Amino acid sequence: MTFDQELHADRLREECGVFGIYGHPDAAALTALGLHALQHRGQEAAGIVSFDGERFQTERRLGLVGDHFSSVKVINRLKGHLALGHVRYSTTGETILRNVQPLFAELASGGFAVAHNGNLTNGLTLRRELISQGAICQSTSDTEVILHLVARSQKSRIVERYIDALRALEGAYALVALTNKKLIGARDPHGIRPLILGELNGAYILCSETCALDIIGARFIREIENGEVVVISDEGVESLRPFPRQPARPCIFEYIYFSRPDSMLGGRSIYEVRKAMGRELARESGLDADVVVPIPDSGVPAALGFSHETSIPFELGIIRNHYVGRTFIEPTQTIRSLGVKLKHNANRAAVKDKRVVLVDDSIVRGTTSVKIVRMMYEAGAREVHMRISSPPIKHPDFYGIDTPEQKALLAATHSLEEMRDYIGVTSLAFLSVDGIYRAMGHSARDNTRPQFTDHCFTGDYPTHLTDLVGETNKQQLSLLAEAG
């Protein structure tokens, strides 16, 4: 495990963010800005494809958007009024250039680029079928499967071929594709991963979050609906519904953790929803304490809500160093032994001799929690209580979130008391599943027709998990978990 992986191993990670724009002279530059706003959704690689009226240009790089796409020289190579961009994480294996999206291919109908946020739960099965039929794969990404399916479709029009390919897919996807005449967006029938439609001076935009519209001054129009395909061309925006309508089940973790706090999703402010989760958490498991301390940065809104509900003062008892990354220093044993202090340090003045309530959004493996609790005690805290603004994560994700195997999830292998003892806190409590739903504006979870995709808590997976059948597939699924 690399040094950077060690720092991130105890956090959930969203795999990808997408941004596409049609009809603007500065398409590539605006795409770079949009990707910068979506950087939290993927920090290992970024890519942009543009079309200048005659040819496609592609720039794909490992690393952060600002490291590669702030150069005028690079942006000038990406000419045209159409552009598509992507930021990504990989969950396992190498981060290699051939996996960086958007992926591009020359099809019989012309150039075709695609960017994908999500994960296909039958991607490995489809890949094997394609290879057995003679397909040659250049990446280990399940996104490449989509290119092959579009290329092999017998439909005549590119949009029909695209929809034909979608019918073969299982799992979660928010897709944006670029041709020489169209920008095409698609969201899976459950709407698990988000996709937003916006507009800027007559140019239309498809992106993962509203914060990507804000950074370029674009106007939010609406969210793409679950199971919807939108086609943007010179004629405007066309909406197609190729799948039978069903209730949406967006991923609950977009609200808990992944989306930026300043984004809007489902008509809700992410920031306000997270504060509401903190208030619900306080109602369910409030206690007598001296100070509420968020684990930065993701625990801040919930900690504010917890503080408001309990009237316990809110303090920044942990200060985060935002400048630690993979290039910081060689991971010698001395540096490794410093552990979490490279990213977090106790604010001793705020916690010394206090009964501290630590608030975070989730616990995955629990290793970081152990170190932070120890840090609080070393800083002089009298008691350390931990409150988590989501339910215990007991099941892995297969829809585009980097979660470890079930046996590595602390809540899947330990009782609440065992988790409390392992982490070393005075008390430990999680928000209930119904509490999450109340924070989202529902009275409770509808167990017959759940309103959100919440399988990490409940084990209720909304789609088939075709690739998980058989031990061989389980071992090889990691290849396609790099998709994003």
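Fair warning: this is a prediction, and the values are worked out from it, not measured in the lab.
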**Asked** What is the minimum heavy-atom distance between Y255 and R274, and which atoms define it?
**Response** O-NE, 2.7 Å
**Message:** Is any side-chain heavy atom of Q39 closer than 4.5 Å to one of V87?
**Reply:** yes
**Message:** Please check this pair: side chain of S285 against backbone of L281, looking for a donor-acceptor N/O pair closer than 3.5 Å.
**Reply:** yes
**Asked** Hey, is D188 close enough to R193 for a salt bridge, meaning N to O under 4.0 Å?
**Response** no
**Test applied, ring pair (Phe, Tyr, Trp, His ring centres under 6.0 Å); reference residue, F253; option that passes from F457, F452, Y399** = F457
**Prompt:** Does a side-chain heavy-atom distance below 4.5 Å link F306 with R387?
**Reply:** yes
**Prompt:** So D460 and R249, salt bridge (charged side-chain N to carboxylate O under 4.0 Å, His left out) or not? Walk me through it.
**Reply:** CA-CA 11 Å; D460 180 6; R249 286 188 64 179; 3.6 Å; yes
**Backbone N/O of L169 and side chain of N122: donor-acceptor pair under 3.5 Å** = no
**Prompt:** Quick one: do E225 and R187 make a salt bridge, cutoff under 4.0 Å?
**Reply:** no
**Prompt:** Is a salt bridge present between R41 and E254, judged by a nitrogen-to-oxygen distance below 4.0 Å?
**Reply:** yes
**Prompt:** Would you say the side chain of Y271 lies within less than 4.5 Å of the side chain of S263, judging by non-hydrogen atoms?
**Reply:** no
**Request:** Tell me yes or no: between the side chains of T140 and N99, is some donor less than 3.5 Å from an acceptor?
**Result:** yes
**Message:** Any non-hydrogen side-chain atom of P189 less than 4.5 Å from a side-chain atom of T463?
**Reply:** no
**Complete:** On a heavy-atom basis, the closest approach of G171 and I192 is O-CD1, 4.3 Å
**Request:** Say whether, by atom type as modelled, one donor and one acceptor occur between the side chain of Q451 and the main chain of A444 under 3.5 angstrom.
**Result:** yes
**Message:** So I205 and E199, do their side chains get closer than 4.5 Å, heavy atoms only?
**Reply:** no
**Message:** Is it true that, when you exclude H36 itself, more than 12 heavy atoms of the residues, nucleotides or ligands shown sit nearer than 6.0 Å to its NE2?
**Reply:** no
**Request:** Determine, step by step, whether V364 and L410 satisfy the side chain to side chain contact (heavy atoms under 4.5 Å, CB included) criterion, reporting the C-alpha distance in whole Å, the side-chain angles of both residues, the deciding distance to 0.1 Å, and the verdict.
**Result:** CA-CA 6 Å; V364 184; L410 189 65; over 6 Å; no
**Request:** Would you check if the side chain of T458 reaches a backbone N or O of D454 as a donor-acceptor pair within less than 3.5 Å?
**Result:** yes
**Message:** Consider side-chain contact (heavy atoms from CB on, under 4.5 Å). Of I393, I423, T368, which one does I363 pass it with?
**Reply:** I423
**Request:** May I ask you to test the V373-L358 pair for a side-chain heavy-atom distance under 4.5 Å?
**Result:** yes
**Prompt:** For H464, does the NE2 atom sit with more than 12 other heavy atoms under 6.0 Å from it, leaving out its own atoms?
**Reply:** no
**Message:** Under a 4.0 Å threshold between the charged nitrogen and the carboxylate oxygen, would D164 count as salt-bridged to R157?
**Reply:** no
**Asked** Are R61 and E59 within salt-bridge range, i.e. N to O under 4.0 Å?
**Response** yes
**Over all atoms of both residues, closest heavy-atom pair of D467 and G123** = OD2-N, 2.9 Å
**Request:** Would you check if H455 and D397 make a side-chain contact, meaning some heavy-atom pair closer than 4.5 Å?
**Result:** yes
**From CZ (F112) to CD1 (I158), nearest 0.5 Å** = 5.0 Å
**Asked** Do the non-hydrogen side-chain atoms of D434 and R438 ever get within less than 4.5 Å of each other?
**Response** yes
**Message:** So for atom CZ, which belongs to R449, do other residues, nucleotides or ligands contribute more than 12 heavy atoms lying within a distance under 6.0 Å?
**Reply:** no
**Request:** Give a yes or no on whether a salt bridge exists between R260 and D297, defined as a side-chain N under 4.0 angstrom from a carboxylate O.
**Result:** no
**Request:** Carefully, step by step, assess F51 and F56 under the rule ring pair (Phe, Tyr, Trp, His ring centres under 6.0 Å).
**Result:** CA-CA 4 Å; F51 181 72; F56 288 87; 4.6 Å; yes
